[in-house]
Protein chains: 2
Amino acid sequence: MQQVSDASRSPGYDPAPTNSRALIVDSIRSAGTVSRVELTQITGLTAPSVTTLVRRLIDDGLVDEAGRGSSTGGKPRTMLRIRAAARYVVGVHLSADSLTYVLVDYAGAVVARWRRAGPGEDSDPEQVVERIATETTELIERSGIDPSLVLGLGFVCPGPLIRNRGVTSAPPSMTHWVGFPIHRRLEERLGLPALLENDATAAAAGTRLTTSHDVSVMAALFMSEGIGSGLRLNGNVYQGAHGNAGEVGHICVQIGGPQCWCGSTGCLEAIAGPATVVAKARAAGLDLGSPRRTGVAAFAAIARLALTGDSRAEAILRDSASWLALGAQTITNMYDVQLLVLTGPAFAVAGTIYLPIIQERILSSAFGRAVDTEVVLDERGHDAAAIGAALMMLRSERAISA
Amino acid sequence: MQQVSDASRSPGYDPAPTNSRALIVDSIRSAGTVSRVELTQITGLTAPSVTTLVRRLIDDGLVDEAGRGSSTGGKPRTMLRIRAAARYVVGVHLSADSLTYVLVDYAGAVVARWRRAGPGEDSDPEQVVERIATETTELIERSGIDPSLVLGLGFVCPGPLIRNRGVTSAPPSMTHWVGFPIHRRLEERLGLPALLENDATAAAAGTRLTTSHDVSVMAALFMSEGIGSGLRLNGNVYQGAHGNAGEVGHICVQIGGPQCWCGSTGCLEAIAGPATVVAKARAAGLDLGSPRRTGVAAFAAIARLALTGDSRAEAILRDSASWLALGAQTITNMYDVQLLVLTGPAFAVAGTIYLPIIQERILSSAFGRAVDTEVVLDERGHDAAAIGAALMMLRSERAISA
DNA sequence: GCCACTATATTCACAGACCTAACAAACTCG
DNA sequence: CGAGTTTGTTAGGTCTGTGAATATAGTGGC
């Protein structure tokens, strides 16, 4: 193949697989089980091409036949499915207060997850690399799979990143990480290819689509310690020129608003992000458990209070939600998506409070109504970023090689 | 070819040409003159492939050899260039107060332009189709080119659109146009393929890149009667699920802000758009010429006052600019572009007032500084949308057929 | 002015992807 | 049980793009 130069692919939105083999694998994976005829419809390839490609995938042990479909008046369809045990990938999501690991099989299912306390604010990058390497190895060992089947590791952390140099740059609570090429270090340490992405973008890749209609353009609104978003087009994430697209946390929603760590003022994250919500709750005298509890853990405590009837906690969260609704409106206006998914650790606990408020604003904004944008909550919010990191690795070129 | 199904291409961001022939044509067009060796580098194709493809393009009369480059120690390069007179396309930009036509040759250069008064607010769609058809025919005739060389017509108007149905929907001052399939009617009337796009998106396609470094991800901030933006990735515009991406005019920049025609409140366009600027200027007692002067014409009058030293006019425009800077910041945060171009009729006159204010905000926002986003003014702002419409047609499949 | 040397472009034979057309297989229904 | 229907495969051909070898048109040494 090789029709499009590397140079012209640089923005990283990875224009749909030029590769028919990858297209078939993707189609089977997202469908669960399909027949060859259905694949011809989904992919636009001809029946003979599907036959050939599928045969090779079966020969390579990546796809299995899975029984017969029911007849519709003729020969019944032979169903195909991804051979889940063919390959595995690891996804790792690092933030200050938690470190999440997932092991994902070739079908895209999570076969193991592990959530650990984060390394904290003052962590030494080299020690974190060492810890992640050790724990990744342990995860693989305990799962009992053949380590040689692990394709690679997707690593995500809060953005922004400098993607071309593959280096984290100025994350909120980790300034001493600036310039540290963590994924390269992980590659060296583990002997596996590693991919670096920001958490929100990965979350967009990790969201399972459970809507009725076809969704080819969707976005994730991601809230962890910060607020971000990711855009997915036909299964490929859009990363922008420097890998920092979707920084909805740092759009200005209030002229003269509060100072943000990013240097700007009035940022959505500074006004309504988890850190601010926690600070407000503490100021209001809410009991969030240990005073050392910070970040998403403290935020979750507020959400639990609100859900058990604390009206002060609820008011604080509803205020935050009204600002996030504004961010959601910006996402739909800028990206024109069919679906917006709320995801990330913060939404995992507080999502039910945020969802209706955000839905209401999207539906009442004119363009939202005109184009019928759906807003849903991701039930896997806590692991979304790690899963997304794994799935991005799963969709890489090497994942389909024999 | 046909590797990727129509279904999977639906979002309309048209992943870089799968077609090598189109890739070569695009590369030559954007380079001006290039040699075959350079094409191998730009396109990633091998030398023999370039030879073959270029020979066919020359045989088909789409490309010419254009002398020798200087030798670098061996055989000098044979330079290639697009045969400008091979084909032509027409671009039409309709807004309430102006109707702009451009005739663009196969090299992408504007060979004729024509600006006429717009049809006004109460125009009858069928009459406008008739008028555009007549004037398009006249434009082609007066230019003296062979009408059979005209490939098609790109038509743009203020968004939002319903792209799949190819129908304009609820533009600000043209509600009675809702549901009118103008490009289909133009196709019937002119016997030429026509393409419908919103003005801001087309403007992104029409911006000439004159920056030093390679720009693969850029956006246009477009101001005409309304405010919009367009995103361009490797020469392909991103249109979103329904063709309404980039609606930066309707992001909320002020909670509880003024009512917008779109139904929402606090929209950038309602606060700082040309209509509001004109209303403020009239309220301040500024003389904008005829009281019947509206839209961009009235806005231009204010800009001229400001540029000739009227401090009230300047203050009003600077206030508008500070809000647009906010919109620009949102664009760079969401899209992560390398370049942001201010374009459109409103910037054509007032751009020099807006540019420094917008630049200042982009450069002072943390991510802007980190990633070095450039902000420039398009010198062809007035025609950008029409030119972009033409160029989009020029990049269509049929434009490279023999 | 002739001879290397070098960079540019082309020719030729071949591999692979994908298509059309014809065919085989496996079920339903009368 | 055989016609009809749907699913999947085989066979043959086209087209794109490749690698290896070759032709072309300059430069610079002597």
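Quick note on labels: first sequence line is chain A, next is B, and so on, each numbered from 1.
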Participant: Can you tell me if the side-chain N/O atoms of B:Ser20 get under 4.0 Å from OP1 or OP2 in D:dT16?
Facilitator: no

Participant: Any donor and acceptor pair, going by atom type alone, linking the side chain of A:Asp105 with main-chain N or O of A:Ala107 inside 3.5 Å?
Facilitator: yes

Participant: Show your reasoning for whether side-chain contact (heavy atoms from CB on, under 4.5 Å) applies to A:Phe155 and A:Val90.
Facilitator: CA-CA 8 Å; A:Phe155 177 84; A:Val90 176; over 6 Å; no

Participant: Each nucleotide in nucleotides 8-14 of chain D should get exactly one letter: B, S or -. Can you fill that in based on protein heavy atoms under 4.0 Å?
Facilitator: SBB----

Participant: Which residue, A:Val237, A:Val217, A:Thr201, forms the side chain to side chain contact (heavy atoms under 4.5 Å, CB included) with A:Leu231?
Facilitator: A:Val217

Participant: Answer with yes or no whether the side chains of B:Ser49 and B:Thr46 bring together a donor and an acceptor at under 3.5 Å.
Facilitator: yes

Participant: Any salt bridge linking B:Asp26 with B:Arg29? Criterion: basic side-chain nitrogen under 4.0 Å from a carboxylate oxygen.
Facilitator: yes

Participant: Look at A:Arg56 and C:dA17 and indicate whether a side-chain polar atom (N or O) is within less than 4.0 Å of OP1 or OP2.
Facilitator: yes

Participant: Assess whether a salt bridge exists between B:Arg55 and B:Asp60, defined as any Lys/Arg side-chain N lying under 4.0 Å from an Asp/Glu carboxylate O.
Facilitator: no

Participant: Ignoring backbone atoms, test whether B:Thr46 places a side-chain nitrogen or oxygen under 4.0 Å from the OP1 or OP2 oxygen of D:dG17.
Facilitator: no

Participant: Rounded to the nearest angstrom, tell me the gap between atom CZ in A:Arg68 and atom C1' in D:dT7.
Facilitator: 10 Å

Participant: Tell me: CG of A:Leu23 to P of C:dC18, nearest whole Å?
Facilitator: 10 Å

Participant: Ignoring backbone atoms, establish whether A:Ser49 has a side-chain N or O less than 4.0 Å from OP1 or OP2 of C:dC19.
Facilitator: yes

Participant: Please state how far atom CG in B:Leu45 lies from atom P in D:dT16, giving the value in whole angstrom units.
Facilitator: 12 Å

